[in-house]
Number of protein chains: 2
Amino acid sequence: MNIKEVHNHLRIHGIKPSMQRVSIMQYLLENRTHPTIDQIFTDLLPIIPTLSKTTVYNTLKLFYEQNAVLALTIDEKNIRYDGYTSDHAHLKCKKCGMIYDIPLEKSVLTPLAQTGDNYTIEETQIYFLGVCKKCNVEN
Amino acid sequence: MNIKEVHNHLRIHGIKPSMQRVSIMQYLLENRTHPTIDQIFTDLLPIIPTLSKTTVYNTLKLFYEQNAVLALTIDEKNIRYDGYTSDHAHLKCKKCGMIYDIPLEKSVLTPLAQTGDNYTIEETQIYFLGVCKKCNVEN
DNA sequence: GTACGTGCAAAGAATTTGCAGATAA
DNA sequence: TTATCTGCAAATTCTTTGCACGTAC
């Protein structure tokens, strides 16, 4: 994904595009791995040697407040971030720890939306805990 | 809820009932407030003055491993525990921070169960983030 | 030049670990 | 007795805060 696209993506969400912010958002958009703060920091440090972890914290907090990313708490230890904000569920494999995207059909989304009808719902998250296909085959 | 019932509840889940374990489980069954470790500790300390926070951590980890409680990560700061393990969703109010139980209809559960069909799903959690009725009225 | 962004170091909070004493079968 | 359970203190990990320096408009 080229930098201009990332710039636009940030501006759409009301975020001024600094060099660090662009790099972090680009990382999230290109790596659909639901990374932790630490993974983002470690992977970007070789590219931006002056990067500090505080900046990664600040930036992701800002992205989250501007609804530019999803924050996943499916992992008890660390918050994980997802640059892909459309409707989808997440599966955490209890064996390998990987987090997978699970597409959601309308048959799920429609009744679910009705469930929240009596409240002011801003965000819905669905987490599955189980074993992924790969780990199932291997054992 | 009397102690014998709590004893049984623990034994059903393969947990030896010590005094501390019974107190903590009884607390969870009688207080459907999704408490944090700290809330449990603080509330039980007057009843069990020798209780240590380590024991509360140990005990809830054990309960969770034995599927005797649900662990909610809907709150980014602390894990919250729920002694009520049947199907229901949770709503976290962004204003007051309270976590509410939301009953789930079959129209939600059935298509949701089908979504996970290709995986080995052991647990499903649904989180709503929004504003509760009380806070909506007040503002 | 003023406001905003970044990054260091220190502080704070949540959780885990190591170990010794207590308890129960 | 022998396992297990408990609880203190220390260690570790994750996150936030305070502040000074840089940068951009």
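Here is the naming used below: chain letters follow the sequence lines, and residue numbers restart at 1 for every chain.
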Give one of base, sugar-phosphate or nothing for A:Asp38, where a contact means two heavy atoms less than 4.0 Å apart.
nothing
Contact class for A:Lys53 (heavy atom, under 4.0 Å): base, sugar-phosphate, or nothing?
nothing
If we count only N and O atoms by modelled type, under 3.5 Å, do the side chains of [X] and [Y] hold a donor and an acceptor together?
X	Y	answer
A:Asp82	A:His90	yes
A:Tyr27	A:Asp43	yes
B:Asp101	B:His34	yes

Would you indicate whether B:Lys94, at its atom NZ, is surrounded by more than 12 heavy atoms from other residues, nucleotides or ligands within a distance under 6.0 Å?
yes
Within a reach of under 6.0 Å around CD1 of B:Ile3, are more than 12 heavy atoms found that belong to other residues, nucleotides or ligands?
no
I would like to know whether B:Asn8 and B:Glu5 meet side chain to side chain donor-acceptor pair (under 3.5 Å); could you show each step before the answer?
CA-CA 5 Å; B:Asn8 276 336; B:Glu5 287 179 85; over 6 Å; no
Given the side-chain rings of A:Tyr127 and B:Tyr127, with only the six-membered ring counted for Trp, is the space between their centroids under 6.0 Å?
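Ring centroids of A:Tyr127 and B:Tyr127 are less than 6.0 Å from each other.
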Strictly under 6.0 Å, is that where the ring centroids of A:His9 and A:His7 end up?
no
Syn if the chi torsion is within 90° of 0, anti otherwise; quick check, which is D:dA3?
syn
side-chain contact (heavy atoms from CB on, under 4.5 Å) with A:Val6: which of A:Val22, A:Ile24, A:Leu28?
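Result for side-chain contact (heavy atoms from CB on, under 4.5 Å) with A:Val6: A:Val22.
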Report each atom pair, protein N/O against N/O of nucleotides 20-25 of chain D, whose distance is under 3.5 angstrom.
none

For C:dT15, does OP1 or OP2 lie under 4.0 Å from any side-chain N or O of B:Tyr57?
yes
Under 3.5 Å, N/O pairs linking protein and nucleotides 2-6 of chain D:
{"from": "D:dC5", "atom 1": "OP1", "to": "B:Arg21", "atom 2": "NH1", "distance (Å)": "3.0"}
{"from": "D:dC5", "atom 1": "OP1", "to": "B:Arg21", "atom 2": "NH2", "distance (Å)": "3.3"}
{"from": "D:dT6", "atom 1": "OP1", "to": "B:Ser18", "atom 2": "OG", "distance (Å)": "2.4"}
{"from": "D:dT6", "atom 1": "OP1", "to": "B:Gln20", "atom 2": "OE1", "distance (Å)": "3.0"}
{"from": "D:dT6", "atom 1": "O3'", "to": "B:Gln20", "atom 2": "NE2", "distance (Å)": "3.1"}

What is the per-nucleotide protein-contact pattern of nucleotides 19-25 of chain C, from the 5' end, where B denotes a base atom under 4.0 Å from a protein heavy atom, S denotes such proximity for sugar-phosphate atoms only, and - denotes neither?
-------
